[in-house]
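Everything on this sheet refers to the single structure shown next.
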Amino acid sequence: MEYRLLGKTGLEISRLGFGGIPIQRVDKETVRRLMEKMAAMGVNYIDTARGYTVSEEYLGYALSGIRDKFILATKSMARTKEAMAKEIKTSLQNLKTDYIDLYQMHNISVSDLDTVCQSGGALEAMMEAKAQGKIGHIGITAHSREAFEKAVSLYWVETIMFPYNLVETHGEELIQKCKEKNIGFIAMKPLAGGALEDADLAIRFILQNDAVSVVIPGMYDEKEIEINVKACETDAPLTDAEKAKIEYIRKELGNEFCRRCNYCQPCTEGINISGIFLFEGYLKRYGLGEWAKGRYDTLSKKAKDCIGCGVCETRCPYNLPIREMLKRASKEFDV
């Protein structure tokens, strides 16, 4: 296993990390076995979130006695100082630890970045927690390129997590900027939410990019760990046949796959278009039906609220049939 410094944090992490979304599907004893397997195979980076229901709690149980073998990262959607302070306290309790190596502002938008930096914003709570030794470093996660671009310029941002995979490469220029500014880059959605079946090819493609610090596929089975570790340990360049396969996959998914670039926004009806497609992916690919529907239900505007104006489609750089895709999503969720 190759290890790298996570940007300016100075944390030495494995290039393969553990994404903590799918463990909602199993039990804490299974998670314990997964952690032991990862420790044995040299994987030392774990990512979870407050929003992943039982994920933090399961990891807290599973890491008992082996916490020191891992670099632990979690994240919260809190945007105010008071809310973030409570979230950090809860994460520490759930994870059964007195410190968290990396705490991230989850799914941040451009306007959120302004909010969290204001007096009484979440950044104040994180800075205080950092000074107290409760968290080691501060990062952000984002799905919009605009938020990514702004975050790169902020002095306090030590890591950035953003989607990066075979079909979502719109952040590559900014990933390179992370390297130039010594900001750790964490590649999330390496399998595009499960849309990419060839994990070996998908992970190797990402790690060909030297600016990527760590890739964090979601895993809930020991076999997945073995496959993904093997992909990370393969340093051979992609063959012409593999490059051709990548182009085929891009072509196959291109017209029906939301890359969450958000160029389609804002919707005239206030619908979070890419968010709906993200939850649909969790429903269909991860098998997290109840969780995905719960997330969908929090949206103030649903897929059924689409009036079919088509403005979003004129902005989509991938020419997606967004109106038809929203209709299909509505059949899944609005029942």
Side-chain angles (χ1 to χ4, degrees), residues 1-7 9-49 52 55-75 91 95-97 99-104 136-137 139 141 159 161-165 184-191 194 196 198-236 286:
M1 177 61 64
E2 180 185 353
Y3 296 86
R4 290 197 169 190
L5 293 181
L6 183 60
T9 70
L11 297 170
E12 189 174 11
I13 64 170
S14 51
R15 287 209 85 189
L16 176 71
F18 177 85
I21 289 181
I23 58 173
Q24 298 172 87
R25 300 175 61 178
V26 295
D27 55 43
K28 61 183 182 181
E29 294 297 340
T30 300
V31 179
R32 174 71 182 185
R33 291 193 294 273
L34 292 176
M35 295 303 105
E36 292 173 345
K37 179 81 169 182
M38 288 200 307
M41 300 194 76
V43 178
N44 75 347
Y45 185 83
I46 297 173
D47 174 83
T48 182
Y52 300 165
S55 182
E56 282 189 340
E57 295 175 39
Y58 282 5
L59 285 166
Y61 171 83
L63 293 173
S64 177
I66 55 174
R67 166 69 181 90
D68 62 340
K69 296 182 181 294
F70 296 97
I71 303 298
L72 189 54
T74 190
K75 45 195 179 288
S91 289
L95 292 165
K96 301 185 188 304
T97 185
Y99 72 99
I100 295 167
D101 298 281
L102 174 64
Y103 212 94
Q104 302 152 105
H137 304 279
T141 81
T159 66
M161 181 191 298
F162 192 76
Y164 183 48
N165 54 59
F185 179 75
I186 303 161
M188 68 166 159
K189 304 292 184 292
L191 302 185
L196 304 175
D198 189 337
D200 180 83
L201 180 61
I203 291 174
R204 287 176 56 222
F205 167 82
I206 293 168
L207 296 183
Q208 297 280 312
N209 188 334
D210 190 63
V212 174
S213 304
V214 60
V215 56
I216 54 168
M219 296 180 278
Y220 68 98
D221 181 85
E222 291 185 44
K223 187 65 176 177
E224 291 176 328
I225 296 173
E226 294 173 2
I227 292 172
N228 294 336
V229 166
K230 182 179 179 181
C232 285
E233 292 178 341
T234 303
D235 56 6
Y286 277 134

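Along the sequence shown, the residues carry numbers beginning at 1. Note that this is a predicted model, so its numbers are computed, not measured.
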Review point. Could you walk me through whether Met38 and Asn44 pass the side-chain contact (heavy atoms from CB on, under 4.5 Å) check?
Key: CA-CA 7 Å; Met38 288 200 307; Asn44 75 347; over 6 Å; no
Practice item. Could you give me the CA-CA distance, side-chain angles and deciding distance for Arg4 and Arg15, then say whether side-chain contact (heavy atoms from CB on, under 4.5 Å) is met? Key: CA-CA 7 Å; Arg4 290 197 169 190; Arg15 287 209 85 189; 3.6 Å; yes
Practice item. Just do the side-chain contact (heavy atoms from CB on, under 4.5 Å) check on Asn165 and Phe205 with the steps written out, would you? Key: CA-CA 8 Å; Asn165 54 59; Phe205 167 82; 5.9 Å; no
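Contact annotation: the side chain of Leu34 approaches that of Ile23 to within less than 4.5 Å [non-hydrogen atoms, C-beta and beyond]. At least one side-chain heavy atom of Met1 sits less than 4.5 Å from a side-chain heavy atom of Ser14. Side-chain contact between Leu63 and Ile46 is present, with at least one heavy-atom pair separated by less than 4.5 Å. At a threshold of 4.5 Å between non-hydrogen side-chain atoms, the residues Phe162 and Thr141 do not count as touching. A heavy-atom distance below 4.5 Å is found between the side chains of Val31 and Val26. For the pair Ser55/Ile21, no side-chain contact is recorded, criterion being any heavy-atom separation below 4.5 Å from C-beta on. Considering only heavy atoms from C-beta on, Met35 comes within 4.5 Å of Ile66 through its side chain. With a 4.5 Å cut-off on side-chain heavy atoms, Asp47 and Tyr45 count as touching.
Side-chain N/O atoms of Thr74 and Thr48 include no donor and acceptor closer than 3.5 Å. Side chain to side chain, Tyr220 and Gln24 fail the donor-acceptor criterion of an N or O pair below 3.5 Å. Judged by distance alone, the side chains of Thr97 and Arg67 do bring a donor and an acceptor atom under 3.5 Å apart.
In plain terms, the two heavy atoms of Ile186 and Leu6 that are nearest each other are CG1-CD1, 4.2 Å. When every heavy atom of Cys232 is checked against every heavy atom of Val215, the shortest pair comes out as SG-CG1, 4.4 Å. When every heavy atom of Met219 is checked against every heavy atom of Gly17, the shortest pair comes out as CE-O, 3.5 Å. Scanning both residues, Gly184 and Ser213, for their nearest heavy atoms gives CA-OG, 3.6 Å. Smallest separation of non-hydrogen atoms from Leu5 and Gly10: CD2-O, 3.4 Å. When all heavy atoms of Leu102 and Gly139 are compared, the pair lying nearest together is CD1-N, 3.8 Å.
Formation of a donor-acceptor pair under 3.5 Å by the Asp101 side chain with backbone atoms of Ala73 is not found in this model. Judged by distance alone, with hydrogens and angles left aside, the side-chain atoms of Tyr3 form a donor-acceptor pair with the main-chain N or O of Gly42 at under 3.5 Å. Using a distance-only test at 3.5 Å, with no hydrogens or angles considered, no donor-acceptor pair links the side chain of Arg33 to the main chain of Asp221.
Counting only residues at least two apart or on different chains, the salt bridge (Lys or Arg N to Asp or Glu O under 4.0 Å) pairs with a member in residues 224-235 are Lys37-Glu226, Lys223-Glu226. Pairs of residues two or more places apart, or lying in two chains, that qualify as salt bridge (Lys or Arg N to Asp or Glu O under 4.0 Å) and include a residue from residues 55-64 are Arg50-Glu56.
Remark: Glu36 engages Arg32 in a side-chain hydrogen bond (donor to acceptor under 3.5 Å, both in side chains) (not counting sequence neighbours).
To the nearest 0.5 Å, atoms CD1 (Ile206) and NZ (Lys189) are separated by 11.5 Å. With values rounded to the nearest 0.5 angstrom, Leu59 atom CG is found 9.5 Å from Phe70 atom CZ. A distance of 10.0 Å separates CG of Leu207 from OG1 of Thr234, quoted to the nearest 0.5 Å. Here Asn228 contributes atom CG and Met41 contributes atom CE; the two are 10.0 Å apart, rounded to the nearest 0.5 Å.
Seen from the ring of Tyr58, Lys28 does not count as a face-on cation partner, given the 6.0 Å and 45° thresholds.
Between Phe185 and Tyr164, the ring-plane angle classifies as perpendicular under the 30° and 60° cut-offs.
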